[in-house]
Amino acid sequence: MEDFSIDLSAEKIVDAKTKEYFSEVMGSYMNGNYRSSVVMLWTVVICDLVYKLQVLRDLYQDQIATSILEAVEQKQQKNPNSPEWESWLVEEINTRMHFLEAADYQSLVHLQKIRHLSAHPVLSGVNLLFSPTKETVRALIRSVMEGVLLKPPVFSKKIVSEFVQDIASKKDLLPDDDALQK
């Protein structure tokens with residue numbers, strides 16, 4: 001089993017804007033600013049999910065992606081300072097798009113909780129802000145990379161299943177592996 005490399009994985013991030021944003025996560029992580037790294041990691045995930053939905057809408061005319069994006073815009077217009085749409089977005093993508101595996105979804109829920117603890121003071125504690133460990137942040141980065149950032153938008157199970165059905169319907173045109181490859 002190979003060791004996971006954040007640097008090598010960062011080079012494989014699908015979306016160029018996400019890759020650029022992720023460099024801030026890496027910079028914070030490398031400088032030992034783990035709290036900042038977690039806060040930015042959540043933001044990068046949300047941006048990447050929006051970019052994936054935009055690709056699905058623009059290139060594949062995916063109606064579910066379109067409806068999610070429209071609903072996000074409405075939520076932002078109604079309450080521009082509220083981040084509640086972010087949780088809603090992750091939930092909608094999980095239930096309607098089938099892009100996330102069950103473990104990936106739970107990792108995002110956990111990331112959001114750690115992000116909140118890291119970004120919002122808690123008056124009842126000894127320390128106002130939570131400080132995640134280097135190991136925790138590395139694990140969060142890895143789970144986000146493998147579960148979201150390294151996946152192209154078409155990994156939505158809906159699109160993959162349509163693709164498989166399309167190939168199956170043309171099986172008579174593909175008599176052997178060479179024809180399939182072409």
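The chain is numbered in sequence order, starting from 1. Everything quoted here is computed from the prediction, not taken from an experiment.
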Rounded to the nearest 0.5 angstrom, the OG-CZ distance for Ser9 and Arg142 is 8.0 Å
Look at the side-chain heavy atoms of Ile, Leu, Val, Met, Phe, Trp and Tyr, link any pair under 4.5 Å apart, and say whether Val50 and Val39 land in one connected group.
-> no
Heavy-atom check, side chain of Asp15 versus side chain of Lys52, under 4.5 Å: no
Notebook entry, point to check: Under 4.5 Å between any side-chain heavy atoms of Cys47 and Lys17, yes or no?
Noted result: no
Tested for side-chain contact (heavy atoms from CB on, under 4.5 Å) against Val144, the lone hit among Asp104, Leu150, Asp48, Leu149 is Leu149
So, do Ser131 and Ser118 sit near enough that their side-chain heavy atoms are less than 4.5 Å apart? no
**Asked** Is the backbone of Ala119 close enough, under 3.5 Å, to the side chain of Arg35 for a donor and an acceptor to pair up by distance?
**Response** no
* To do: Go through the steps to decide whether Val90 and Ile46 satisfy the test side chain to side chain contact (heavy atoms under 4.5 Å, CB included), and finish with yes or no.
  => CA-CA 8 Å; Val90 172; Ile46 296 302; 3.8 Å; yes
Is it possible for you to check whether Lys134 lies under 6.0 Å from the centre of the six-membered ring of Tyr34, through NZ or CZ, and within 45° of that ring's axis?
no
Donor-acceptor check, side chain of Ser82 to backbone of Asn79, threshold 3.5 angstrom: yes or no? no
key: Within one Ile-Leu-Val-Met-Phe-Trp-Tyr cluster: Val14 and Met26, side-chain cutoff 4.5 Å   = no
Interatomic distance, CE@Met145 vs CG@Leu8, rounded to 0.5 Å, equals 9.5 Å
Nearest heavy-atom approach of Leu56 to Pro153 is CD2-O, 3.6 Å
Inset, instruction - Could you tell me whether the side chains of Arg96 and Ser67 share a donor-acceptor contact shorter than 3.5 Å? - result: yes
By side-chain hydrogen bond (donor to acceptor under 3.5 Å, both in side chains), His110 pairs with (sequence neighbours left out) none
Pro132 and Val38 have their tightest heavy-atom pair at CG-CG2, 3.9 Å
(Q) For a side chain to side chain contact (heavy atoms under 4.5 Å, CB included) check, start with the C-alpha distance between Trp42 and Leu140, then their side-chain angles and the critical distance, and finish with the verdict. (A) CA-CA 10 Å; Trp42 173 254; Leu140 289 169; over 6 Å; no
CG of Leu53 to CG of Asp58, rounded to nearest 0.5 Å, is 10.5 Å
Here the pair of heavy atoms bringing Tyr21 nearest to Met40 is O-CE, 4.0 Å
Do Val55 and Ile68 belong together in a cluster built from hydrophobic side chains that touch within less than 4.5 Å?
yes
Are Arg57 and Thr66 close enough that a side-chain donor and a side-chain acceptor fall under 3.5 Å? no
**Asked** Taking it one step at a time, do Val148 and Tyr105 satisfy side chain to side chain contact (heavy atoms under 4.5 Å, CB included)?
**Response** CA-CA 9 Å; Val148 178; Tyr105 171 72; over 6 Å; no
| task | Output yes when a side-chain donor or acceptor of Ser143 lies under 3.5 Å from a complementary backbone atom of Ser107, and no otherwise. | result | no
Between Lys151 and Phe99, is NZ or CZ placed under 6.0 angstrom from the six-membered ring centre and within 45° of the ring axis? yes
Item to complete: May I have the step-by-step check of side chain to side chain contact (heavy atoms under 4.5 Å, CB included) for Leu41 and Phe22, ending in yes or no?
Response: CA-CA 7 Å; Leu41 184 61; Phe22 186 79; 4.0 Å; yes
d(Ser5 OG, Glu11 CD) to nearest 0.5 Å is 9.5 Å
State yes or no: do Tyr60 and Met97 share one hydrophobic cluster built from I, L, V, M, F, W and Y residues joined by side-chain heavy-atom distances below 4.5 Å, directly or via other members? yes
Q. Just by modelled atom types, is the Asn33 backbone N or O under 3.5 Å from a matching donor or acceptor in the Asn31 side chain?
A. no
Between the CZ atom in Phe4 and the CD1 atom in Ile141, the distance rounded to the nearest 0.5 Å is 8.5 Å
Problem set entry | Test item: Ser28 side-chain N/O and Glu24 main-chain N/O as donor-acceptor pair under 3.5 Å | yes
In this structure, OG1 of Thr18 is separated from OH of Tyr51 (nearest 0.5 Å) by 6.0 Å
For Val137 and Tyr29, the nearest pair of non-hydrogen atoms, with its separation, is CG1-CD1, 3.6 Å
Shared hydrophobic cluster, Trp88 / Leu111 (ILVMFWY, side-chain heavy atoms < 4.5 Å): yes
